[in-house]
Every structure is written in structure tokens, then in C-alpha cells.
Amino acid sequence: MTQSDKLKQVSHEFIEKITAKKSLIAIVGLGYVGLPLIMGFNKVGFSTLGIDIDDSKVQSLKNGKSYIAHFGDAGVKEMADSGRFDASTDFA
């Protein structure tokens, strides 16, 4: 198999995973950009992982609570209860 054939195969597999929503989407930084981004991916059916250095943000999200006034608790709770969300301070 040539390098070009391998690249085509990997590209095809990647597109299939995205289309079937079988990819894990990880967002680093859960502030004003990261939080709505991860909520959007989660809402359309992707499994999501939020990573932030601030443990209070991580715990708040896991408990379905928003720490940003512009984003109410309802959307965060929906994400937390989806079964497709996790958050961590561990970048490993």
C-alpha cells in the first residue's frame, strides 16, 4: 500500500467517525470560548471532554452548574446529564 493510499484510508476513516459522531471531542480551556464550543458539540451528539486547570470550573460543570452568567444552568445540566460529557484538570 502506497503512502497516498494510506492517507486516503485514514482520511476516509476520520470522515466516517465524524459523520457517525463516534469521535471524542476534547476542548482545552473552558472559558467564554471553550464552554459554548463544548456545549455545541455535545448538543449535536458528540462525546465531549473538557479540560481546564481550574478545578472549580471542572467540578461546577460535572455538577451541571454554569460559572458564566451568560450561560444558564439548564444547558450545562443537559450536557452534564447527557452521558457524553466529562471534564478534568488532567492534561495527560
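In terms of modelled atom types and a separation under 3.5 Å, the side chain of S60 and the main chain of K57 share no donor-acceptor contact. In terms of modelled atom types and a separation under 3.5 Å, the side chain of T48 and the main chain of R84 share a donor-acceptor contact. In this structure, the side chain of N63 engages the main chain of Q59 through a donor-acceptor pair within 3.5 Å. S66 contributes a side-chain N or O that, together with a main-chain N or O of F71, makes up a donor-acceptor pair within less than 3.5 Å.
S23 OG to E16 CD: the interatomic distance, rounded to the nearest 0.5 Å, is 11.0 Å. Atoms NZ and OG1, on K17 and T19 in that order, are 12.5 Å from each other to the nearest 0.5 Å. Residue K8 holds its NZ atom at 10.0 Å from OG of S11, rounded to the nearest 0.5 Å. Put simply, CZ on F85 and CG on N42 are 7.5 Å apart, with the number rounded to the nearest 0.5 Å. In this structure, the separation between CG on D52 and CD1 on I27 is 12.0 Å, given to the nearest 0.5 Å.
Minimum heavy-atom separation, V28 to F91: CG1-CE2, 3.4 Å. Contact record, I68 with L30: CD1-O, 4.4 Å, taken as the closest heavy-atom pair. Nearest heavy-atom pair across K62 and A80 is O-CB, 4.0 Å. Minimum heavy-atom separation, F46 to I18: CZ-O, 3.6 Å. Smallest separation of non-hydrogen atoms from V44 and K21: O-NZ, 2.8 Å.
Of the residues K6, E13, H12, the one that meets the side-chain hydrogen bond (donor to acceptor under 3.5 Å, both in side chains) test with Q9 is E13.
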(Q) Show, in sequence, the C-alpha distance, side-chain angles and deciding distance for M39 and L35, and conclude whether the side chain to side chain contact (heavy atoms under 4.5 Å, CB included) test is met. (A) CA-CA 6 Å; M39 289 173 69; L35 180 58; 3.8 Å; yes

Q.
Between V76 and L61, does the side chain to side chain contact (heavy atoms under 4.5 Å, CB included) criterion hold? Intermediate values first, please.
A. CA-CA 7 Å; V76 174; L61 292 176; 3.6 Å; yes

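Both I38 and I25 are members of a single hydrophobic cluster when ILVMFWY side chains are connected at heavy-atom separations under 4.5 Å. Side-chain heavy atoms closer than 4.5 Å link hydrophobic residues (I, L, V, M, F, W, Y) into clusters, and following such links, possibly through other members, connects I53 to L49.
Using a cut-off of 4.0 Å between Lys/Arg side-chain N and Asp/Glu carboxylate O, K77 and D73 are scored as not salt-bridged.
No hydrogens or angles considered: nothing links the side chains of T89 and D55 as a donor-acceptor pair under 3.5 Å.
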